[in-house]
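Chain A is the first sequence line, chain B the second, and so forth, proteins listed ahead of strands; every chain is numbered from 1.
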Protein chains: 2
Amino acid sequence: MTVTPADHRYLQVARTLRKEIVDGVYPVGSQLPTEQQLCERFEVSRYTVREALRRLRDDNLVASRPRAGTLVVPRPETNSYAQDVMSINDLLAFASGAQLTIESNAMVVIDEHLRERTGLSVGTEWLAVRGYRADGTAAPVCATEYYINRAFAAVGRLLQRHSGPIFPLIEDLFGVSIVEVRQEIAAVPVTSELAEVLRVEVGSAALEMQRTYKTSDGEVAQVTVNTHPSSRYRHSMTMRRVKGQAGQ
Amino acid sequence: MTVTPADHRYLQVARTLRKEIVDGVYPVGSQLPTEQQLCERFEVSRYTVREALRRLRDDNLVASRPRAGTLVVPRPETNSYAQDVMSINDLLAFASGAQLTIESNAMVVIDEHLRERTGLSVGTEWLAVRGYRADGTAAPVCATEYYINRAFAAVGRLLQRHSGPIFPLIEDLFGVSIVEVRQEIAAVPVTSELAEVLRVEVGSAALEMQRTYKTSDGEVAQVTVNTHPSSRYRHSMTMRRVKGQAGQ
DNA sequence: GGTAATTTGTCCGTATGTATA
DNA sequence: ATATACATACGGACAAATTAC
């Protein structure tokens, strides 16, 4: 079936007016016809016209004031896309189902190779937890590496039993608050060590996701590196622009 | 009788229902009385009840579905990890520098292969623009495919001269508003066609980013597929938790 | 699995309130 | 103060979607 919701009179009216506004029939600052006139022109009731205008107002195309009419407002600056909302749960969704199996758990000192992989400073000491996440009997969903600030290293003992994201654990245990998450995603060829764990061919494509969690002090609490075989994972997320925020 | 000016009936109804919801009279998951019942209880018309419910829906307190009634929805997240803000510019940052070179530009009908690649419905018609982005004389940064809703296909002629993201162009030209962006990222082996364009080996790892842009009508305005050779790209973004947004 | 009933969604016409040029 | 245009409000009707039988 045609997915076009072109039915509904008020959507048709809204679409027509929208087009006329951008075509310059009603330039910025000008006044749209009155609701009564729009009723006559489109041969619809005032309810329908108002419902159409409501859409245009929701999109910040026009503004209405009693007696002054409905005015075409200038489009907010192109760079004001600043307020968009996404759920951090999207970011973490993958972690919910699969269970973490820990293969090693030890303090490490960052060398040049690990600096490249984590962005942490050479010579600093971190709790490294390495393992994989699997979903039942199938091959692992991803290989996982945690690098945890030594100040919070006590969480290491809780990881075996824990499923899901780690940073709420740190927040609860130490009373700190994670205020910033930086994520980097890259496509990489699978190294020989990981190929064995993930049961894929060496050199095949994999998705490497590195996340850095910062506290309100600006300190790095944790760095996570997940490596997903290409065939078993797609990372997805949705952002929604918050409405009624653009003006001003 | 000095009645308070902003004492509109629908606001009174909305206020009352809102209080009852947070007081637990209508717990999460339960169904509100039908609009007819609310009309009787408050002795107002259905218009007034619907206007009140619209406010509650705007606040994400309830959701309405035909026949199912109006349900009290769970708060976004009890633990307040739900409201995080990022800039859509982060999402698009990569596109700013490199210049797009267009190789082809034609209407296409979605077949099974394209459905897999774009998520669009088989049989629908879209403007397909294919090319690559390069930064000076070096090898291309990424291969780019746009699939643009035929309603907005007129932007195709502007693309050659244009650099940067496309969807503001659509917003300006047609007055629609992009309210939702969905992004999927996967690691893929490079196909033979793309290997030639990108000047990398067939089968080497690449980052495939698919983005779907939806308008406030819920219609898909555009789908973009970018393929980045692994060595030339890392996708990064930062999210910051927003302050006092959880309550309500 | 098809049908009926229920509930929201859309649309109409009309009337009155309210803010403002 | 007045007229005007949007804002709120009423009542009735049918359509569409979904649940329940």
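Following rounding to the nearest Å, A:Leu53 (CG) and D:dA5 (P) show an atom-to-atom distance of 14 Å.
By the side-chain hydrogen bond (donor to acceptor under 3.5 Å, both in side chains) test, B:Glu193 is found to be paired with no residue, residues two or more places apart in sequence or in another chain being considered. Here B:Val190 pairs with B:Leu194, B:Ala195, B:Val200, B:Ser204, B:Ala206 under the side chain to side chain contact (heavy atoms under 4.5 Å, CB included) rule; sequence neighbours left out. For A:Phe42, there are no ring-ring contact (aromatic ring centres under 6.0 Å, His included) partners at least two apart in sequence or on another chain. For A:Arg67, there are no side-chain hydrogen bond (donor to acceptor under 3.5 Å, both in side chains) partners, not counting sequence neighbours. Residues meeting the salt bridge (Lys or Arg N to Asp or Glu O under 4.0 Å) test with B:Arg46, sequence neighbours left out: B:Glu35. In this structure, the side chain to side chain contact (heavy atoms under 4.5 Å, CB included) partners of B:Pro33, at least two apart in sequence or on a different chain, are B:Tyr26, B:Gln37, B:Leu38. Among residues two or more places apart in sequence or in another chain, the side-chain hydrogen bond (donor to acceptor under 3.5 Å, both in side chains) test is passed with B:Glu51 by A:Arg54, B:Arg55. Qualifying side chain to side chain contact (heavy atoms under 4.5 Å, CB included) partners for B:Leu158, counting only residues two or more places apart in sequence or in other chains: B:Leu169, B:Leu173. Judged as a side-chain hydrogen bond (donor to acceptor under 3.5 Å, both in side chains), and not counting sequence neighbours, A:Arg65 has no contacts.
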Restricting to nitrogen or oxygen on both sides, can you table the protein-nucleotides 10-14 of chain C pairs closer than 3.5 Å?
{"unit_1": "C:dT10", "atom_1": "OP1", "unit_2": "A:Tyr10", "atom_2": "OH", "d": "2.7"}
{"unit_1": "C:dT10", "atom_1": "O4", "unit_2": "B:Arg46", "atom_2": "NH1", "d": "3.4"}
{"unit_1": "C:dC11", "atom_1": "OP1", "unit_2": "A:Arg9", "atom_2": "N", "d": "2.4"}
{"unit_1": "C:dC11", "atom_1": "OP2", "unit_2": "A:Tyr10", "atom_2": "N", "d": "3.4"}
{"unit_1": "C:dC12", "atom_1": "OP2", "unit_2": "A:Ser45", "atom_2": "N", "d": "2.8"}
{"unit_1": "C:dC12", "atom_1": "OP2", "unit_2": "A:Ser45", "atom_2": "OG", "d": "2.7"}
{"unit_1": "C:dC12", "atom_1": "OP2", "unit_2": "A:Thr48", "atom_2": "OG1", "d": "2.3"}

Is there any protein nitrogen or oxygen under 3.5 Å from a nitrogen or oxygen in nucleotides 17-21 of chain D, and what are the pairs?
{"unit_1": "D:dT19", "atom_1": "OP1", "unit_2": "B:Arg65", "atom_2": "NH2", "d": "2.5"}
{"unit_1": "D:dT19", "atom_1": "O4'", "unit_2": "B:Arg67", "atom_2": "NE", "d": "3.4"}

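Using a 4.0 Å cutoff on non-hydrogen atoms, the parts of residues 28-37 of chain A near DNA chain D are A:Thr34, A:Glu35, ordered by number.
Proximity of B:Ser64 to the phosphate of C:dT7: no side-chain N or O atom is located under 4.0 Å from OP1 or OP2.
Nearest heavy atom pair, residue B:Leu100 against residue B:Gly131, reads CD1-C, 4.5 Å.
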